[in-house]
Number of protein chains: 2
Amino acid sequence: MKRSYDQFCGLAKALDVVGERWTLLIVRNLLLGPQRYSDLLRDLPGITTNLLAQRLQEMEAQGIIEKSDAYRLTPLGLALEPAIHALGRWGFRRMRAPARGEYRSFALLAVALRRRYRRNATLRAEVVADGVPYRFTLTKARAEIGRGDMPSPDVKLTGPGKSLARLFLDEKRQMPADVIAEGKASAVRALLSAFAASDD
Amino acid sequence: MKRSYDQFCGLAKALDVVGERWTLLIVRNLLLGPQRYSDLLRDLPGITTNLLAQRLQEMEAQGIIEKSDAYRLTPLGLALEPAIHALGRWGFRRMRAPARGEYRSFALLAVALRRRYRRNATLRAEVVADGVPYRFTLTKARAEIGRGDMPSPDVKLTGPGKSLARLFLDEKRQMPADVIAEGKASAVRALLSAFAASDD
DNA sequence: CAGGATCCGCCGCGATACTG
DNA sequence: CAGTATCGCGGCGGATCCTG
């Protein structure tokens, strides 16, 4: 009984399923790994409880996510990643410096880093931003970045999310004073230079 | 004064601008070239006149389209093409055979062909579907497909949109009886084999 | 307290009629 | 041909209320 564009067209079919408000942002947040209802609610400021619950139901019915303990992307949902990156790249080009009151988080940067990976690094790293661990698995072809810790990483960076963001975004890659870097200096350099500072 | 996700994130910024209903479908239709108000209204079944007018105003204010005689994409609007293709590819994977009452047109196929181009052909063609001409300019890197005729093409195909669609979509590439092909047989073959029949 | 469900008010959207 | 005006509904936002 849902509203549909009713066109024999891939784009129209995609928008029939993921074109409604919040849906693609939920997928984006799940790209970093499974999340609980309360995690999604916290990391999607402005969404209401009823709408989040409704979206999750619809997405599960569409086969985009599945619920076990937490909500996680199915392979079909994960296949939205190229579209999310393409839209993100377009939106990034028109972004200005963050406005006051605009929501920021290291998780949002982590998603952007997934698409900015330059390739050809081989490295396992852990980045702990504001106490939340992220694991970076860089292979020749792609970067797997998600929440969770990484056993015996080549590099470990620990610090405030703000400083870590500056470290990854600033072309100069100067280590801020409040970031602790563990591991070989060459590996630290390899990690930081594996991602483009910008992507437009 | 519009509703915004208010997140420092490329995806959220993109959806702030093109996330509302119909917007990306309008961009898709303009990928084939400038269109007048009545063309858009006719080719977007279900949209209402007020909503089309409102969207066009918003898109012009955002710098995605510009209005002169007709509406045309700006470079910024054209930059949405990769995102549209990525979403279209995802949506195509879940498509079934066209349902009854579903809107179809050769123009929708033409957009899909833009993304299915296999590269490495060099060819100028004109395809006249149901009396409406489309020009195909295939270069090594990309396919430029739009409305309008093509002076002195290497190949010219004329016929009902339905038969032309079958010709491009069927792996066997058998020429239907009601399609007239002009040009060298090798060029006709080159045109048809330049596009993947499917894209998933 | 996590994980929702319920109620209400508004505005984005759909349908139709009308205008320069 | 290219829109504007009006109206009603449903999707969405805000707040509150269950329920294990």
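Note: hydrogens, waters and symmetry copies are ignored here, and every other heavy atom, side chains too, is used. Numbered from 1 within each chain, the chains take letters A, B, ... in sequence-line order.
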Problem set entry | Close approaches to DNA chain D from residues 36-56 of chain B, in residue order (heavy atom, under 4.0 Å) | Arg36(B), Tyr37(B), Ser38(B), Thr49(B), Asn50(B), Ala53(B)
Exercise. Do you know which two heavy atoms are closest between Val27(B) and Gly77(B), and how far apart they sit?
Worked result: CG1-O, 4.0 Å
Seminar exercise, completed: Separation of dT6(C) atom C1' from Gln57(A) atom CD, nearest Å, is 14 Å
For this session: Return the value, rounded to whole Å, for the distance between atom CE of Met59(B) and atom C1' of dG3(D).
Result: 17 Å
Problem set entry | Leu25(B) CG - dG14(C) P separation (whole Å) | 11 Å
For this session: Mind calculating the distance between CD (Glu60(A)) and C1' (dG4(C)) to the nearest angstrom?
Result: 14 Å
Exercise. Got Arg28(A) and Cys9(B) here, is their nearest side-chain heavy-atom distance under 4.5 Å?
Worked result: yes
Exercise. Using a cut-off of less than 4.0 Å, is there contact between a side-chain N or O of Trp22(A) and OP1 or OP2 of dG13(D)?
Worked result: yes
Exercise. If only side-chain N and O atoms of Arg21(A) are considered, is one of them under 4.0 Å from the OP1 or OP2 phosphate oxygen of dG13(D)?
Worked result: yes
Exercise. Which listed nucleotide (dA5(C), dG4(C), dG14(C)) is nearest to the side chain of Tyr71(A)?
Worked result: dG4(C)
For this session: Report yes or no: is the cationic atom of Arg42(B) (NZ for Lys, CZ for Arg) under 6.0 Å from the centre of the six-membered ring of Tyr37(B), at an angle within 45° of the ring normal?
Result: no
For this session: Could you tell me which non-hydrogen atom of Ala86(B) sits nearest to which non-hydrogen atom of Ala86(A), and how far apart they are?
Result: CB-CB, 4.3 Å
Problem set entry | Distance-only side-chain donor-acceptor flag, Glu58(B) / Gln62(B), under 3.5 Å | no
Exercise. When the distance from CD of Glu20(B) to P of dC11(C) is rounded to whole Å, what number comes out?
Worked result: 14 Å
For this session: Mind calculating the distance between CG (Asp69(B)) and P (dG3(D)) to the nearest angstrom?
Result: 11 Å
Exercise. Can you check the Arg3(B) CZ to dC10(C) C1' distance for me, whole Å?
Worked result: 11 Å
Problem set entry | Check: Tyr134(B) ring centroid to Phe106(B) ring centroid under 6.0 Å | yes
